[in-house]
Amino acid sequence: MFKSIRMKTVVLFTMLVIITELGVGLTGIYRSARNYHTNFENAIYTVFTDDMKQQLTDAANAVSIPSQPSAENGIIINETGPDNIENIRNLITPHSEELGLYTSSELCILDHNGAVVYSSRGSSAVEASDVTADSLSGIESISSGITADFCDYALPLMSGSSVRYIVYIKDTLSIQHTVTDRLWMDLIFTVVISGVLALILSLLVSRSVTAPIKLLTSQARKITDGERAVLSGTERKDELGELASSFNNLAVAMRARADKRLSEQTKIETILQNMTDGIMVFDAKGKLTLINREAQKMLNRKYIDDITFNRFFKEINADITLESLQYGETDDQTEREIKVNDLMLQFNFAPVSKEGDEGGVIVIVHDVTKHERLERARREFVADVSHELRTPLTVIKSYADILADTPDAEPEVRTRFLDTISSETDRMTKIISDLLTLSKLDENANYTRPMEDIDIRGMLESLVERLSLTARKKNQTLTYTPINDVPYIKGDKDGLERVFTNIISNALKYTPSGGEINIFSSKMYNDIIVKISDNGIGIPKEQLPNIFDRFYRVDKARSRDKGGTGLGLAIAKQTVESAFHGKISITSELNKGTDVTVTIPAPKR
């Protein structure tokens with residue numbers, strides 16, 4: 001309830017007013033009581049001066065004291081000395097009003113034993129007090145303490161050295177109590193009224209102060225929550241106006257920084273999401289806080305809420321933990337290559353350190369599958385080249401050694417050995433020539449040769465006529481069927497002729513005797529299509545993806561016997577793609593035949 005500044009202000013102001021009123025009231029009551037006692041003392045000392053004391057003493061000693069007291073008209077009179085008492089009364093009576101004898105004070109005359117011989121109010125005895133005790137000893141005494149129940153005064157009238165009478169005046173303080181009670185009532189009333197007025201006034205004043213503060217707080221909270229609010233109250237000329245202006249300036253600065261931070265964050269997120277590498281960010285507890293699309297694609301993970309560092313990299317056998325990265329327990333090699341979902345992925349780990357605390361870890365994910373495949377292909381290619389060159393070299397070396405060791409060999413044997421050496425030399429020369437062709441194609445992806453007009457239909461008719469003799473030797477049927485007119489194109493004529501020659505030659509090689517090889521050409525939409533079909537031995541389905549690899553053979557032993565190098569289809573594919581921006585594809589079924597389709601974009605008119 002009292003947590004708000006407004007209520008604290010109200011309570012503090014109200015309490016301050018009440019305390020002030022109580023202080024003033026209590027001071028007034030104290031002064032009233034003090035003045036009453038002071039007036040009592042002043043009245044006593046004004047009346048009973050030294051002259052009055054002497055007169056009272058003379059009056060007390062004027063007549064002898066009779067022995068028997070009696071009561072008359074309710075007033076106790078010692079009849080043994082009525083003249084003395086009367087003289088004393090006559091001396092004091094003119095001062096009755098001054099002494100308050102008709103209101104709150106009482107006058108008594110006591111004998112030397114302390115017995116009442118006269119009372120202005122008919123009292124028969126006097127309450128013993130320090131004053132009466134002192135007066136019996138011959139000492140004038142007065143008591144008027146503020147906290148006392150009454151005020152009294154005693155004046156001993158001496159006869160020689162003994163007390164003859166005692167003048168005793170007692171004030172019951174009834175007037176003081178009446179005045180004090182009235183003052184208390186007035187004080188309570190004043191405090192209540194002042195408290196209510198102070199409460200109302202403090203509420204109004206505090207509201208005028210706290211209402212703008214509440215408004216500023218509400219609007220500042222909106223700004224904190226990201227809303228583009230503007231604080232009101234800047235038109236005020238007081239401190240609150242200055243505070244509102246300061247808040248507005250702060251809000252503008254914060255908004256500018258927030259916009260800049262959001263812009264930078266958006267840029268970073270855009271960069272991360274569009275990187276070709278995968279990004280994974282883990283916090284200090286190993287929870288995944290960020291992953292981009294490429295990483296999700298590589299990891300094949302649609303749901304990422306359950307990914308934690310240690311569990312995830314344990315599942316893929318990465319042999320690394322978050323703690324080893326945070327506390328530097330690993331060696332400098334914070335890189336792992338792991339096969340995940342048929343992909344070879346390279347993970348690079350970069351710990352993020354925070355001052356005074358462990359940071360998180362950023363993981364960069366590279367897809368090195370293609371690189372690994374190329375590296376494997378390179379190794380296989382080197383091995384294949386070595387094997388392909390070593391085979392003819394071994395034959396040449398063996399036959400040459402035999403000829404050297406047998407100089408008297410028969411001419412027929414010598415001729416046969418020399419023919420073999422020549423054949424293997426030609427085969428090795430062809431391999432080297434094909435390798436040089438592939439090397440030139442690899443060095444320049446945008447393969448260019450002198451541009452020539454190419455009549456594809458005429459080229460195919462010429463090849464069919466040239467290779468018909470080979471087909472007839474194997475009792476094969478080689479036919480060419482142009483489906484529609486094919487336009488002339490420009491490009492590397494020798495390279496395209498080499499492509500068709502290689503494909504048709506392969507069809508003749510791997511089609512049994514009595515088989516058919518059919519060639520078709522046509523223009524379809526914006527492409528020129530050449531299709532070579534045969535009903536030969538075909539290619540197993542599982543080997544089709546590798547058919548264009550260098551030195552790849554479906555049946556290596558049989559291919560080598562037929563003079564193949566395993567580079568023809570690789571050269572054909574590279575030539576079609578590089579020189580003509582086309583494509584080549586193969587469909588085949590084992591023991592049923594093979595279809596090779598070459599697609600070349602037609603020239604634009």
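In this text, all values refer to a predicted model and were calculated from it rather than measured experimentally. Residue numbers run from 1 in the order of the sequence given.
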- Query: With side chains defined as the heavy atoms from C-beta onward, is the minimum distance between T587 and L544 less than 4.5 Å?
  - Reply: no
- Item | Nearest heavy-atom neighbours spanning S588 and G593 | OG-O, 3.0 Å
- Report yes if some heavy atom in the side chain of I338 is under 4.5 Å from a heavy atom in the side chain of L345; otherwise report no. no
- Task: Return yes when atom CG of D401 has more than 12 non-hydrogen atoms of other residues, nucleotides or ligands closer than 6.0 Å, and no otherwise.
- Result: yes
- Item | I504 side chain reached by L478 side chain, heavy atoms, under 4.5 Å | yes
- Query: How long is the gap from OG1 on T575 to CZ on F500, to the nearest 0.5 Å?
  - Reply: 11.0 Å
- Query: Are a donor atom and an acceptor atom from the side chains of T479 and N518 found within less than 3.5 Å of each other?
  - Reply: yes
- For T308 and K287, indicate whether the former's side chain and the latter's backbone hold a donor-acceptor pair under 3.5 Å. no
- Determine, step by step, whether M280 and V365 satisfy the side chain to side chain contact (heavy atoms under 4.5 Å, CB included) criterion, reporting the C-alpha distance in whole Å, the side-chain angles of both residues, the deciding distance to 0.1 Å, and the verdict. CA-CA 8 Å; M280 302 174 71; V365 188; 4.1 Å; yes
- Query: So does N526 have more than 12 non-hydrogen atoms from other groups sitting under 6.0 Å from CG?
  - Reply: no
- In this structure, which one of D485, V486, I529 forms a side-chain contact (heavy atoms from CB on, under 4.5 Å) with S521? V486
- Message: Between K474 and G515 (side chain of the first, backbone of the second, donor and acceptor by atom type, cut-off under 3.5 Å), is there such a pair?
- Response: no
- Message: If we ignore hydrogens and angles and just use 3.5 Å, is the side chain of S324 paired with the main-chain N or O of I320 as donor and acceptor?
- Response: no
- Verify, without hydrogens or angle tests, whether N310 (side chain) and T321 (backbone) share a donor-acceptor contact under 3.5 angstrom. no
- Working for side chain to side chain contact (heavy atoms under 4.5 Å, CB included), residues D534 and Y510: CA-CA 9 Å; D534 66 62; Y510 300 112; over 6 Å; no
- Is a side-chain N or O of D527 found less than 3.5 angstrom from the main chain of T599, in a donor-acceptor match? no
- Query: So do L569 and V596 actually touch side chain to side chain, heavy atoms under 4.5 Å?
  - Reply: no
What donor-acceptor contacts under 3.5 angstrom involve side-chain atoms of residues 461-471, with partners at least two apart or in another chain?
{"residue": "E461", "atom": "OE2", "partner": "R457", "partner atom": "NE", "Å": "3.4"}
{"residue": "R466", "atom": "NH2", "partner": "E497", "partner atom": "OE2", "Å": "2.8"}
{"residue": "S468", "atom": "OG", "partner": "V464", "partner atom": "O", "Å": "2.4"}

- Taking Q476 for its side chain and I517 for its backbone only, find out whether a donor-acceptor pair lies under 3.5 Å. no
- Note on the structure: Closest non-hydrogen atoms of G538 and T594, given as atom of the first, atom of the second and distance, are CA-OG1, 3.5 Å
- Query: Any side-chain heavy atom of K531 within less than 4.5 Å of one from D595?
  - Reply: yes
- Quick one: CD on Q346 to CZ on R336, what's the gap to the nearest 0.5 Å? 11.5 Å
- Query: For N348, does the CG atom sit with more than 12 other heavy atoms under 6.0 Å from it, leaving out its own atoms?
  - Reply: yes
- Message: I need the T477 OG1 to R472 CZ distance, nearest 0.5 Å.
- Response: 11.0 Å
- Distance-only, no hydrogens or angles: does the T289 side chain make a donor-acceptor pair with backbone N or O of V281 under 3.5 Å? yes
- Task: Specify whether F347 and F349 have parallel, tilted or perpendicular ring planes, treating 30° as the upper limit for parallel and 60° as the lower limit for perpendicular.
- Result: parallel
- Item | Minimum heavy-atom distance between F580 and G491, given as atom pair plus value | CE2-CA, 3.9 Å
- Side-chain contact, heavy-atom cut-off 4.5 Å: K490 with P603? no
- Message: As an exercise, state the distance from CG of L496 to CE of M459, rounded to the nearest 0.5 Å.
- Response: 4.5 Å
- Message: Between F548 and I584, is the side chain to side chain contact (heavy atoms under 4.5 Å, CB included) condition met? List the steps.
- Response: CA-CA 10 Å; F548 292 107; I584 182 171; 3.8 Å; yes
- Quick one: are N535 and T511 in side-chain contact, heavy atoms under 4.5 Å? yes
- Message: If we ignore hydrogens and angles and just use 3.5 Å, is the side chain of K493 paired with the main-chain N or O of G495 as donor and acceptor?
- Response: no
- What distance do N591 atom CG and I539 atom CD1 have between them, rounded to the nearest 0.5 Å? 12.0 Å
- Note on the structure: Looking only at heavy atoms, the pair that brings P601 and G582 closest together is CD-CA, 4.0 Å
- Message: Just verifying a value: how many Å separate I586 CD1 and I547 CD1, rounded to the nearest 0.5 Å?
- Response: 5.5 Å
- Message: Measuring only between side-chain heavy atoms, which start at C-beta, is V363 closer than 4.5 Å to F313?
- Response: yes
- Query: Can any side-chain N or O of N317 pair as donor or acceptor with the backbone N or O of K339 at less than 3.5 Å?
  - Reply: no
- Item | Nearest atoms (heavy-atom pairs only) where I291 meets Q296 | CD1-CG, 3.8 Å
- Task: Flag yes if more than 12 heavy atoms outside E315 fall under 6.0 Å of its CD atom; otherwise flag no.
- Result: yes
- Item | Considering all heavy atoms, the nearest D453-Y488 contact | CB-CD2, 4.3 Å
- Task: Any chance you could lay out the side chain to side chain contact (heavy atoms under 4.5 Å, CB included) test for I316 and L299, step after step, and finish with the verdict?
- Result: CA-CA 10 Å; I316 63 175; L299 300 175; 5.8 Å; no
- With no hydrogens and no angle check, is any side-chain donor or acceptor of N475 less than 3.5 Å from a backbone partner on S513? no
